[in-house]
Trainee: 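First the structure, then my questions, so here it is.
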2 protein chains.
Amino acid sequence: METKGRAMRADAERTVRTILEAAERVLAADSAATMEQIAAAAGVARTTVHRRFATREALVEALVAWATERFHQAVEAARPLTSPPLVALHQVTVNVLQVKIGWRFAMSRPAASGSEAAYEHADILAQCDELFRRARDAGLVASGTDLEWARRVYYALIHEAAEEGRELVDAGAVDRLAARVVDTLLHGVGAQAQPGPSGLSGSSGPSGPGAGGSAR
Amino acid sequence: METKGRAMRADAERTVRTILEAAERVLAADSAATMEQIAAAAGVARTTVHRRFATREALVEALVAWATERFHQAVEAARPLTSPPLVALHQVTVNVLQVKIGWRFAMSRPAASGSEAAYEHADILAQCDELFRRARDAGLVASGTDLEWARRVYYALIHEAAEEGRELVDAGAVDRLAARVVDTLLHGVGAQAQPGPSGLSGSSGPSGPGAGGSAR
DNA sequence: AGTAGATGCGACAGAAATGACGCAACTAAT
DNA sequence: ATTAGTTGCGTCATTTCTGTCGCATCTACT
């Protein structure tokens, strides 16, 4: 990826970064945006974009590769294979949320098969599965759970949280979002115990003891 | 929508249906498919598609409108406002899953603002919120839950289940998927009780009583 | 059977995006 | 200061999709 025949000049490297950042911004708002729009957002001429990225496809691929690298780092930094499952789950969620919020477009694209990014995604997936396996062995996840389903649910919850967190900026917000993701993943949104024998209470009136259990 | 100057001839009406069905199929596989591809899949000439739908946009809009109608019917048929919350939740999930599996493309698009479909979506959303409110009052959903988050999670789970159910065809499969969606929504994938005092068990070894509770 | 409507086919025009070039002006590195 | 690399601008060719039209043929309704 970085193995060019010769090192880039400093200004050229800056331009590449600027273009990629602009591409992420523009494409997040409209995934069908043209090279022209991306160039305008980057403050460069359209031909310059084409000089750096031969085709539109190449630009997107580079963008995905860049984001995937950060994604990978975010997961690894949480040490999902060694720290206690619950801690790892929370930390991974926090780190991934930050990346997903900042790289919405690039993270929503599948990596080209055979690419470096594809390998990284596969590696992340394997680490995720391993984490869930450990969580199950530790009694954190129910023993009868289909781990593939658990992973899918986890990914989906993170996606929702990231969507919700797009406008938030304060540091604590990501932590709160992550806490909710983990809590929902493990316990759902239901009350702890089911009130009636079959769980089928009346339609709307206050049937059971309304208090049930205030917090969770 | 159906108020044309004159009724369509029978064959023309068949053609419109055929085109819409083909469009759903083709666009589900590639949302950027051309009118040419859609026409080919429908077995008609490209010009015929343009005769029935002036622009590509109009075609997609009609497709969304058609699917949204079915979506709406699927929700209403489950009587989410009157049946017991848990029953309604399951029935809505089953019905919606069937529509989402068969109308993957159309259901993945937002309705044009101001359109009939947009009103239907809003109505469905209101019914969903009302259902969750009732579920909370009945003690099915924890009282402290953010209902908007609950709805988002619910939508996301249905989406995942629909994605998984794309290849399935046997009747019971949808019921099983729906059961898993509702179960996960309410209870998550975690074990019922947290083993340790803080939930932080050892990294991988069998720490707590592995049996915990065999099934759910 | 007769008529109005529907379709297939070929052709055409227009728009928009992509990608490539050459040249003049500028800038980083030596 | 020299040199090599970089950028902006204008231009051009090509491709692809869209949308329209006319005409011959066929088909549904009465």
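Just so we're on the same page: letters track the sequence lines, and every chain starts at 1.
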Trainee: Write down the distance between CD (B:E13) and C1' (C:dG5), rounded to a whole number of angstrom.
Mentor: 14 Å
Trainee: Compare the minimum distances between each of D:dT18, C:dT7, D:dA28 and the side chain of B:T34, then state the nucleotide with the smallest one.
Mentor: D:dT18
Trainee: Rounded to the nearest Å, what distance is computed from the CD atom of residue B:E36 to the C1' atom of nucleotide D:dT15?
Mentor: 14 Å
Trainee: Please state whether the base of D:dG5 and the side chain of A:R51 form at least one donor-acceptor pair under 3.5 Å?
Mentor: no
Trainee: Check the phosphate of C:dG8 against B:T48, side-chain N and O only, distance under 4.0 Å to OP1 or OP2. Yes or no?
Mentor: yes
Trainee: Can you measure B:I19 atom CD1 to C:dA6 atom P for me and round it to whole angstrom units?
Mentor: 12 Å
Trainee: So, B:R104 and B:E163, do they make that salt bridge, N to O below 4.0 Å?
Mentor: yes
Trainee: Within this structure, what is the NE2-to-P distance between B:H50 and C:dC12, rounded to whole angstrom?
Mentor: 18 Å
Trainee: Nearest-nucleotide wise, let me know which of B:T55 and B:R9 is further upstream toward the 5' end of DNA chain D.
Mentor: B:T55
Trainee: Below 4.0 angstrom, N of the basic side chain to O of the carboxylate: do A:R133 and A:D137 qualify?
Mentor: yes
Trainee: Send over the distance from A:L59 CG to C:dA17 P, rounded to a whole Å.
Mentor: 16 Å
Trainee: More than 12 foreign heavy atoms under 6.0 Å from CD of B:E167: is that the case here?
Mentor: yes
Trainee: I'd like to know if B:T47 reaches the base of D:dC21 with its side chain, counting only an N/O donor and acceptor under 3.5 Å.
Mentor: no
Trainee: Specify the separation, in whole Å, of atom CG of B:D11 and atom P of D:dC29.
Mentor: 7 Å
Trainee: Rounded off to whole Å, could you give me the CD1-to-P distance for the B:I38 and D:dG19 pair?
Mentor: 11 Å
Trainee: Figure out the CD/P separation between A:Q37 and C:dA17, and round it to whole Å.
Mentor: 7 Å
Trainee: Ignoring hydrogens and angles, answer whether the base of C:dG19 and the side-chain atoms of A:R46 contain a donor-acceptor pair closer than 3.5 Å.
Mentor: yes
Trainee: If the threshold is 4.0 Å, N to carboxylate O, is there a salt bridge linking B:R25 and B:D30?
Mentor: no
Trainee: Can we say B:R52 and B:E13 salt-bridge, meaning some charged N sits less than 4.0 Å from an Asp/Glu carboxylate O?
Mentor: no
Trainee: Nearest-nucleotide wise, let me know which of A:V44 and B:F53 is further upstream toward the 5' end of DNA chain D.
Mentor: A:V44
Trainee: Using a heavy-atom cut-off of under 4.0 Å over every strand shown, decide if A:R14 touches base, sugar-phosphate, or nothing.
Mentor: nothing
